[in-house]
Amino acid sequence: MTPTDAGGFAAADEPLDDLDLALLDGIRDLYQAVDPMPAELPERIRFSLALRGLEIEVARLTAEEDLPVLATRAVEQSRTVTFDSDSLTIMIRIDLNMDGTARVDGWLAPSQRREIEMRTTADTLSVVSDEQGRFAFTSVPRGIVQLVVQPTERGPGGRGQSVVTPALVV
Amino acid sequence: MTAVNDRRPTDPAGQPDRSSRIADLVSAARQGSDDALGQIVTELSPLMWHVARAAGLSSDDAQDVVQTVWMSLLSHLDDIHTPGALAGWLATTTRREAWRVRDAGRRQVPADQDWLAELPDRAPGSEELAIIGDGRRALWSAVGQLSPRCQELLRIVAFAPRPDYQAVAAELGMPVGSIGPTRGRCLAKLRALLAANPEGSPR
């Protein structure tokens, strides 16, 4: 092909020039237009990073399933979500209450008694799981929430890791 | 980074300022500033989003992976000192997590959603042409003719702060050039494609 301008022939081992940078800008604009990051994602991330300073073990979201259930007046979604960390599996089921709040029933495996917090944008709720690892938050304001399973040992010097889930929207 | 700075062409988009701003933010975040950390999230999450999407994740999975990687960063913040190292760490960790999620294939797809609409754009296609301006169509179509590996590299590098895209590309095992800020094979190929159809040149 005959080079018609600076874009005509450009060797791979030459330094980047202004046209290369303009092309990268163009590529960025294109992907931003066709596949933009969801605008609300940074807010969710900042919410989940408010726990810095704690020794945390991150529990990854490993499964999620929507279960259509027939509520009294409308078909509502019930949802189960599973999180896995190195030491713990956390399963939760999210249902909607009639008053517009959410109910979160959960189960820890291996089953154990632990203090569990649910951070919401309003305040932090706290429950303790039973010996079978079961726990329930009966009235959770809808919005961004995050589960924090407190360390087993909480004395000075004996502080373990909190198991923390990503923020999710209920 | 000094050598890169010295050879960097003039950049009207002000990208070098972006890198030094991120350097200041990283330093403030390490000293405990939540505000600085929040600003770093704003700056670098789009890079991670495009790493995850280029790896083939759905929108939901990509969002979860990006968030999980940020949470993992909290334990590593003290070990990361330069914006290049930070962007490189975030990009490689995101890609590793994205591969893990993709290969596990455990996520179930809700029965009532059109999950085909959730598929990421593995390669630029004709549908996207409808929502971008005429001036960019030739560029988009040229990008679409590149190898999948070049598409992935350029997509990611385009979102990396300059001049740190060198570090990001190298971290991802896709060095742009072996010595200094060279153009690299993918950009050279793109320019050759555009030269065959010069309407796509952004000038």
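Numbered from 1 within each chain, the chains take letters A, B, ... in sequence-line order.
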> Contact part of Leu154(B) toward chain A, heavy-atom cut-off under 4.5 Å: side chain, backbone, both or neither?
Replying inline: both
>> Would you compute the distance between atom CG of Leu41(A) and atom CD of Gln67(B) and round it to the nearest 0.5 angstrom?
In response: 7.0 Å
>> Set out, in order, the CA-CA distance, both residues' side-chain angles and the distance that settles side-chain contact (heavy atoms from CB on, under 4.5 Å) for Asp64(B) and Leu168(A), then state yes or no.
In response: CA-CA 9 Å; Asp64(B) 289 331; Leu168(A) 68 156; over 6 Å; no
> To the nearest 0.5 Å, how far apart are CG in Leu30(A) and CZ in Arg137(B)?
Replying inline: 11.5 Å
> Looking at Ile45(A) and Ser45(B), what are the two nearest heavy atoms and their distance?
Replying inline: CD1-OG, 3.6 Å
>> Within the structure provided, determine whether Arg155(B) and Asp35(A) are in side-chain contact (heavy-atom separation under 4.5 Å).
In response: yes
> Between Glu57(A) and Met71(B), is any pair of side-chain heavy atoms under 4.5 Å apart?
Replying inline: no
> Where does Leu190(B) contact chain A at under 4.5 Å (heavy atoms): side chain, backbone, both or neither?
Replying inline: side chain
> Do any pairs count as a salt bridge (Lys or Arg N to Asp or Glu O under 4.0 Å) and have a residue in residues 160-170 of chain A, sequence neighbours left out, and if so which ones?
Replying inline: none
> If you count heavy-atom pairs under 4.5 Å between each of Cys186(B), Ala142(B), Pro46(B) and chain A, which one has the most?
Replying inline: Pro46(B)
> How many angstroms lie between atom CD1 of Ile27(A) and atom CG of Leu146(B), to the nearest 0.5 angstrom?
Replying inline: 7.5 Å
> What part of Thr82(A) gets closer than 4.5 Å to chain B, counting heavy atoms only: side chain, backbone, both or neither?
Replying inline: neither
> Do Gln32(A) and Phe159(B) pass the side-chain contact (heavy atoms from CB on, under 4.5 Å) test, and can you show the C-alpha distance, the side-chain angles, and the key distance before you say yes or no?
Replying inline: CA-CA 9 Å; Gln32(A) 222 150 29; Phe159(B) 283 89; 3.9 Å; yes
> Are the side chains of Asp17(A) and Arg191(B) in touch, meaning some heavy atoms are under 4.5 Å apart?
Replying inline: yes
>> Let's go through Leu49(A) and Val41(B) carefully: what are the C-alpha distance in whole Å and the side-chain angles of both, what is the deciding distance for side-chain contact (heavy atoms from CB on, under 4.5 Å) to 0.1 Å, and is it a yes or a no?
In response: CA-CA 10 Å; Leu49(A) 295 187; Val41(B) 168; 3.6 Å; yes
>> If I compare all heavy atoms of Ala188(B) with all of Ala11(A), which pair ends up nearest, and what's the gap?
In response: CB-C, 4.2 Å
> So, do Trp49(B) and Tyr31(A) have ring centers that fall under 6.0 Å from each other?
Replying inline: no
> Heavy atoms, side chains only, cut-off 4.5 Å: are Val101(B) and Thr62(A) in contact?
Replying inline: no
>> Do Gln63(B) and Met37(A) make a side-chain contact, defined as non-hydrogen atoms from C-beta onward lying under 4.5 Å apart?
In response: no
> Between Arg46(A) and Asp35(B), does at least one N-O distance fall below 4.0 Å, as a salt bridge requires?
Replying inline: no
> What part of Ala167(A) is in contact with chain B, defined as an atom under 4.5 angstrom from a non-hydrogen atom: side chain, backbone, both or neither?
Replying inline: both
